2 protein chains.
Amino acid sequence: MTEKELFIRIGKNITRIRKSKGYTINHVAAECDMEKSNLIPIEKGRINVTAGTLLRIAEVLEVDVKEFFKI
Amino acid sequence: MTEKELFIRIGKNITRIRKSKGYTINHVAAECDMEKSNLIPIEKGRINVTAGTLLRIAEVLEVDVKEFFKI
DNA sequence: ATACAAGGTATGATATATCATACCTAAAAA
DNA sequence: TTTTTAGGTATGATATATCATACCTTGTAT
């Protein structure tokens, strides 16, 4: 698996879980205390996100970080 | 869970899996095409490692990235 | 029509992950 | 003793994640 494929997988998982909870990007970004200009590219798989950022997103989405790596 | 706690968890999992496979830090760093001056602090939980770096390590250790987030 | 919300892009600044290299110690092997 | 080997630290350079802000489009609601 390439890095790019991993990034896209992570992004799609975040988007899927976020929508399943009915949250908007703006809401999650605000709760994570992060900028949507960072969250949007993460969801689109354009960014090599850090573990710390994944943790912040996971806590707002009320899931374990592991969920973001699932196929 | 704090960021620091996550970093330490990731680092301990990497160290544990690496040793279980009988690999040295130098071996894994070389196979990952990364510097041990980066891998050592990652194993010690001092660094906010990126998803891409976790992927490279996971492939050398022949595990899924998810393993690094387990308790 | 007009305001607002949601997703998205662009850009410059700042923080920091990673690289590259050199050096150190302790333990094991020659 | 001498030489490796493994783990570890220090430092400066480079790449890039994240911040902060402004702006755009589309759809929806007022």
Side-chain angles (χ1 to χ4, degrees), chain A residues 1-70, chain B residues 1-70:
Chain A
M1 129 168 288
T2 67
E3 279 203 347
K4 187 70 188 168
E5 286 166 352
L6 177 67
F7 300 166
I8 289 175
R9 176 189 296 185
I10 291 171
K12 284 186 174 173
N13 279 325
I14 292 174
T15 302
R16 175 178 50 76
I17 296 168
R18 173 178 62 79
K19 289 187 172 172
S20 80
K21 305 249 174 180
Y23 299 148
T24 68
I25 287 182
N26 279 292
H27 169 77
V28 173
E31 289 286 317
C32 287
D33 201 28
M34 74 187 296
E35 299 300 321
K36 68 172 180 172
S37 63
N38 193 31
L39 180 54
I40 288 173
I42 288 170
E43 288 200 2
K44 299 215 156 283
R46 297 204 192 103
I47 278 190
N48 188 8
V49 64
T50 64
T53 297
L54 289 178
L55 175 66
R56 284 150 68 195
I57 297 171
E59 291 190 332
V60 169
L61 297 185
E62 303 157 291
V63 295
D64 191 287
V65 181
K66 287 195 300 293
E67 299 298 319
F68 299 155
F69 291 91
K70 288 190 178 170
Chain B
M1 126 169 292
T2 66
E3 279 203 347
K4 187 68 189 168
E5 286 166 351
L6 177 66
F7 300 167
I8 289 174
R9 175 188 296 186
I10 292 171
K12 283 186 175 173
N13 279 325
I14 292 174
T15 303
R16 176 179 50 75
I17 296 168
R18 173 179 62 78
K19 289 189 173 172
S20 80
K21 306 251 175 179
Y23 299 150
T24 67
I25 286 181
N26 278 291
H27 170 76
V28 173
E31 289 286 315
C32 288
D33 202 28
M34 74 186 296
E35 300 300 322
K36 69 173 180 170
S37 62
N38 193 31
L39 180 54
I40 288 173
I42 288 171
E43 288 201 4
K44 297 214 155 286
R46 297 204 192 101
I47 276 190
N48 189 8
V49 63
T50 64
T53 296
L54 289 178
L55 176 66
R56 284 150 68 194
I57 298 171
E59 292 191 332
V60 169
L61 297 186
E62 304 156 290
V63 295
D64 193 286
V65 180
K66 286 196 302 293
E67 298 298 319
F68 299 154
F69 291 92
K70 290 188 175 170

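Throughout, protein chains are lettered first and strands after them, A, B, ... in sequence-line order, and every chain is numbered starting at 1. Keep in mind that this is a model prediction, so the values were computed, not measured. Hydrogens, waters and symmetry mates are skipped; everything else that's a heavy atom, side chains included, is used.
For the side-chain hydrogen bond (donor to acceptor under 3.5 Å, both in side chains) test, residues two or more places apart in sequence or in another chain that qualify with A:Glu67 are A:Lys70. Residues passing the side chain to side chain contact (heavy atoms under 4.5 Å, CB included) test with B:Thr53 are B:Met34, B:Ile42, B:Val49, B:Thr50, B:Arg56, B:Ile57, sequence neighbours excluded. With sequence neighbours left out, B:Arg16 forms a side-chain hydrogen bond (donor to acceptor under 3.5 Å, both in side chains) with B:Asn13. Under the rule for a side-chain hydrogen bond (donor to acceptor under 3.5 Å, both in side chains), B:Arg9 has no partner lying at least two apart in sequence or in another chain. Every side chain to side chain contact (heavy atoms under 4.5 Å, CB included) that A:Lys21 has, sequence neighbours left out, goes to A:Ile17, A:Tyr23, A:Glu62. Scanning for side-chain hydrogen bond (donor to acceptor under 3.5 Å, both in side chains) contacts around A:Asp64 gives A:Lys66, with sequence neighbours left out. Contacts of A:Val60 classified as side chain to side chain contact (heavy atoms under 4.5 Å, CB included), with partners at least two apart in sequence or in another chain: A:Val28, A:Glu31, A:Cys32.
A heavy atom lying under 4.0 Å from DNA chain D marks none of the residues of residues 57-64 of chain B. For DNA chain C, no neighbouring residue in residues 10-24 of chain B is found when judged by any heavy atom under 4.0 Å.
Applying the ring-ring contact (aromatic ring centres under 6.0 Å, His included) test to every pair with at least one member in residues 28-70 of chain B, sequence neighbours left out, gives these pairs: A:Phe69-B:Phe69. Annotation: side chain to side chain donor-acceptor pair (under 3.5 Å) contacts involving residues 33-42 of chain B, sequence neighbours excluded, are absent.
In this structure, B:Ile40 places its CD1 atom 9 Å from C1' of D:dA6, rounding to the nearest Å. Following rounding to the nearest Å, A:Lys36 (NZ) and C:dT9 (C1') show an atom-to-atom distance of 9 Å.
Two residues are said to be in side-chain contact when any heavy atoms from C-beta on lie closer than 4.5 Å; A:Asn48 and A:Phe7 meet this criterion.
Contact check, B:Lys44 against D:dG8: a side-chain N or O comes under 4.0 Å of OP1 or OP2.
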Between the protein and nucleotides 16-20 of chain D, which nitrogen or oxygen pairs are less than 3.5 angstrom apart?
from   : atom 1 : to      : atom 2 : distance (Å)
D:dT18 : OP1    : A:Thr50 : N      : 3.2
D:dT18 : OP1    : A:Thr50 : OG1    : 2.7
D:dT18 : OP1    : A:Thr53 : OG1    : 2.4
D:dT18 : O5'    : A:Asn38 : ND2    : 3.2
D:dC19 : OP1    : A:Arg56 : NH2    : 3.1
D:dC19 : OP2    : A:Glu35 : N      : 3.4
D:dA20 : N7     : A:Ser37 : OG     : 3.4
D:dA20 : N6     : A:Ser37 : OG     : 3.0

